[in-house]
Number of protein chains: 2
Amino acid sequence: MISSKEMHNTCHMSDKCIKYNECPMVLVQKILSGKRKIMILWYLSGKILRFNDIKRRLPDVTQKMLTQQLRSLEEDHLIFRNVYPVVPPRVEYGLTELGEKIIPLLEMMHGFGAEYLELNLKNNNDVGMRKTN
Amino acid sequence: MISSKEMHNTCHMSDKCIKYNECPMVLVQKILSGKRKIMILWYLSGKILRFNDIKRRLPDVTQKMLTQQLRSLEEDHLIFRNVYPVVPPRVEYGLTELGEKIIPLLEMMHGFGAEYLELNLKNNNDVGMRKTN
DNA sequence: CTGAATCCCTCGCGATACTG
DNA sequence: CAGTATCGCGAGGGATTCAG
């Protein structure tokens, strides 16, 4: 069994990750760096939702942008897309088997976010008020 | 003690998160959705690095973009920035106490990325070849 | 209902030059 | 070395329309 610390070090460019594109962290960075990816995955955790179900939960997202994010997640095999040939059309999204493996990560994110908020309340900071990343 | 599942549900817009901006997941989404944030935090885990140390580890990042990402992380109090008034200038970056709390998350990301890569090798997929998110 | 396709414009981002 | 400042292009993303 390789320790977490060892794993960590192998991922630094200057250390053992010969090819940058084979680094697990680079992969995760790419997969998650969409503007709504984390929220979408979170909403799909343990559920299957239709397009508008997701859209309704994401304030200020346009149909075009949401479609893009969903396509991207689908390309990465984290979510599946099921089209029912009925009228009106019915399209369902859910986590793939691979996608489900990210749920513990999402839950830990939630824990971190809660911890962060708690500290934030005490210090009167305001993270959410900035414009971009 | 509240269960993970309960925590999870409280975060869905349609459920208990009255104010969207107070949802821990929305916060995490905002904090992490930068294009290089995860990699920067990862490189700073347990280390203190100078500007060029970070730049060297991030292929194809411009000085301008890196500065932006660093400023953003600093605003969110995840990293600190220490300027030494010497010549030539010396500026060091590292995780704050708050930032260090994200390390377990990063390590779990690494684990997920590794798992993902393993599956990817078997199925001959190619996540890293797309253009954007 | 769930898209795809256009139009159009902002601004993200790279390139370059300059400063303490 | 570690930045700011400026310019300029092209992609990102909004609004709207059309389609199955």
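Throughout, a chain's letter reflects where its sequence line sits, starting with A, and its residues are numbered from 1.
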Ignoring backbone atoms, test whether A:T62 places a side-chain nitrogen or oxygen under 4.0 Å from the OP1 or OP2 oxygen of D:dG14. yes

Would you kindly give the CD-to-P distance between A:Q63 and C:dA5, to the nearest whole Å? 12 Å

Backbone N/O of B:L78 and side chain of B:T96: donor-acceptor pair under 3.5 Å: yes

For B:Q69 and C:dC13, give me the distance from atom CD to atom C1', rounded to whole Å. 11 Å

In whole Å, what is the span from the CG atom of B:D53 to the C1' atom of D:dA2? 12 Å

Can you tell me how the ring of A:W42 sits relative to the ring of A:H110, calling it parallel under 30°, perpendicular over 60° and tilted otherwise? parallel

Side-chain atoms of B:F51 come closest, of D:dT4, D:dG14, D:dA2, to D:dA2

Below 4.0 Å: OP1/OP2 of D:dA2 and any side-chain N or O of B:R81: no

Phosphate oxygens OP1/OP2 of D:dT4: is one of them under 4.0 Å from a side-chain N or O of B:R71? yes

B:N52 side-chain proximity, nearest of C:dG14, D:dG13, D:dC1: D:dC1

What's the separation between atom CD1 in A:I31 and atom NE2 in A:H77, rounded to the nearest 0.5 Å? 10.5 Å

Taking the minimum atom-to-atom distance to the side chain of B:R50, which one of C:dC13, D:dA2, D:dT4 wins? D:dA2

Sugar-phosphate only, base, or nothing, as touched by B:Y93 at under 4.0 Å among non-hydrogen atoms: sugar-phosphate

To the nearest Å, give me how far apart CD1 (A:I54) and P (C:dC1) are. 15 Å

Gap between atoms NZ and C1', on B:K55 and C:dG14 respectively (whole Å): 11 Å

Among the nucleotides C:dG14, C:dC1, D:dT4, which one has an atom lying closest to any side-chain atom of A:P89? C:dC1

In this structure, how many angstroms lie between the C1' atom of C:dA4 and the CG atom of A:L66, rounded? 14 Å

Could you tell me whether the side chains of B:Y93 and B:E74 share a donor-acceptor contact shorter than 3.5 Å? no

May I have the distance from B:R56 (atom CZ) to D:dC1 (atom P), rounded to whole angstrom? 9 Å

Whole-Å gap separating C1' (C:dA5) and NZ (A:K64): 9 Å

Check: A:S72 side chain, A:Q68 main-chain N or O, donor-acceptor pair, under 3.5 Å: no

B:V91 or A:D60: which one's nearest nucleotide on DNA chain D is closer to the 5' end? B:V91

